Structures are given as C-alpha cells and as structure tokens.
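Comments concern the structure below.
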Amino acid sequence: EVRLAESGGGSVQAGGSLKLSCTVSGFSYRDYAIGWFRQALGKEREPVGCISVSDGRVDYLEVAKGRFTISSDNVENVVYLQMNNLKPEDTAVYYCASAPIFMATMWKQDGYMSAWGKGTLVTVSS
C-alpha cells in the first residue's frame with residue numbers, strides 16, 4: 001500500500017521560507033512521480049509542481065516558478081518542496097500525491113494521482 005506523509009508546515013511571515021517534506025513508502029519509489037498540490041480555504045485544490053523521482057525532471061505551475069523548488073532524496077525516500085519569498089496568498093493546506101508515471105501533460109489533471117497524503121498547513125501572515 002502506498003503511503004504519503006507531509007510535514008514541515010507552519011506559520012511564517014511574508015517573505016519567509018518553509019521546506020515541506022513528503023515521506024513516501026509502500027512502492028518502488030524511484031519509478032514514481034510525486035506531485036505537490038495546495039488548497040486554500042474556500043478554494044479548489046490547485047497543482048503546484050511535480051517531480052519524476054527516477055530522473056529528476058520537474059514541472060512547475062506558474063504559481064511556483066521562481067519561488068518554489070521540488071527535489072527528491074532517493075535514499076531517504078523523501079520529496080521536498082522548498083518555498084521561498086512566501087506570500088499571504090500561499091496560505092493553504094499542502095498535499096503531496098503519487099502517480100506511477102511522470103507525465104508533464106497529465107499530472108495536473110483530476111484523477112491522475114493515485115495516492116494522497118493528509119496534508120500540512122502553511123500560513124503566511126502579512
């Protein structure tokens with residue numbers, strides 16, 4: 001069974017940084033894609049970025065470009081989301097999710113990710 005667990009959320013002031021972790025288990029980790037998503041209160045879930053853990057390719061949505069970086073530690077089976085220059089509009093619950101194959105054109109679509117973590121809350125104050 002695939003398991004994903006996010007950690008690292010918290011409260012930070014605007015302009016600050018946070019590094020989220022997604023610990024993965026239960027599958028052939030290096031063959032999978034791990035995506036980051038977020039959902040603000042009262043809004044729909046939106047994709048942030050996705051990494052192919054087998055070859056390191058990363059696809060970012062516009063909201064993340066220039067401020068967020070996704071990386072993976074294939075020894076520890078952890079995927080990270082480094083977030084810099086945080087803004088109040090980044091406040092949300094952040095989720096990681098997995099899919100068997102990394103497809104840049106598909107990972108953002110509903111139903112593509114097959115397993116999800118429970119999320120970690122990020123709060124950015126102005």
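In what follows, every heavy atom counts, from backbone to side chain, and hydrogens, waters and symmetry copies are set aside. Values in this document were obtained by computation on a predicted structure and should not be read as measured data.
Taking OG from S11 and CG from L86, the interatomic distance works out to 11.5 Å, rounded to the nearest 0.5 Å. For the atom pair I70 CD1 and C22 SG, the distance stands at 10.5 Å (nearest 0.5 Å). Interatomic distance, F102 CZ to D55 CG, rounded to the nearest 0.5 Å: 7.5 Å. Annotation: the span from M103 atom CE to C50 atom SG amounts to 11.5 Å, rounded to 0.5 Å. Remark: F37 CZ to W116 CH2 distance equals 4.0 Å, nearest 0.5 Å. Atom CG of L20 and atom CE of M83 lie 4.0 Å apart (nearest 0.5 Å).
Hydrophobic clustering (side-chain heavy atoms under 4.5 Å, transitive across Ile, Leu, Val, Met, Phe, Trp, Tyr) keeps Y32 apart from I101. Residues F68 and I51 share a hydrophobic cluster, clusters being chains of Ile/Leu/Val/Met/Phe/Trp/Tyr side chains in contact below 4.5 Å. Grouping the Ile, Leu, Val, Met, Phe, Trp and Tyr side chains by contacts below 4.5 angstrom, directly or via other members, places L81 with V58. Both V24 and V48 sit in one connected hydrophobic cluster of ILVMFWY residues. Membership requires side-chain heavy atoms under 4.5 Å apart, directly or through other members. Neither V63 nor W36 shares a network with the other; the hydrophobic side chains, linked directly or stepwise wherever heavy atoms of I, L, V, M, F, W or Y lie under 4.5 Å apart, form separate groups for each.
Q39 and K43 get closest at one heavy-atom pair: NE2-O, 3.0 Å. Summarising the geometry of A14 relative to S126, their closest heavy-atom pair is CB-CA, 4.3 Å, with the distance given to 0.1 Å. Between A115 and V2, the closest heavy-atom pair is CB-CG1, 3.7 Å.
T120 places a side-chain N or O within 3.5 Å of a backbone atom of G9 that can act as its donor or acceptor partner. Side-chain N or O atoms of N74 include one that pairs as donor or acceptor with a backbone N or O of V53 at under 3.5 Å.
Both the sub-6.0 Å distance and the 45° axial angle are satisfied by K19 relative to the ring of Y80.
Proximity of S17 to Q82: side-chain heavy atoms (C-beta onward) are separated by under 4.5 Å at one or more points.
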Check against side chain to side chain contact (heavy atoms under 4.5 Å, CB included), L18 and V122:
CA-CA 8 Å; L18 280 175; V122 172; 3.8 Å; yes
Side-chain donor-acceptor contacts of residues 88-96 below 3.5 Å, not counting sequence neighbours, with atom names and distances?
residue, atom, partner, partner atom, Å
D90, OD1, R38, NH1, 2.8
D90, OD1, R67, NH2, 3.0
D90, OD2, R67, NH1, 2.7
D90, OD2, R67, NH2, 3.4
D90, OD2, K87, N, 2.8
T91, OG1, P88, O, 2.9
T91, OG1, V124, N, 2.9
T91, OG1, V124, O, 3.3
Y94, OH, R38, NH1, 3.0
Y94, OH, D90, O, 2.7

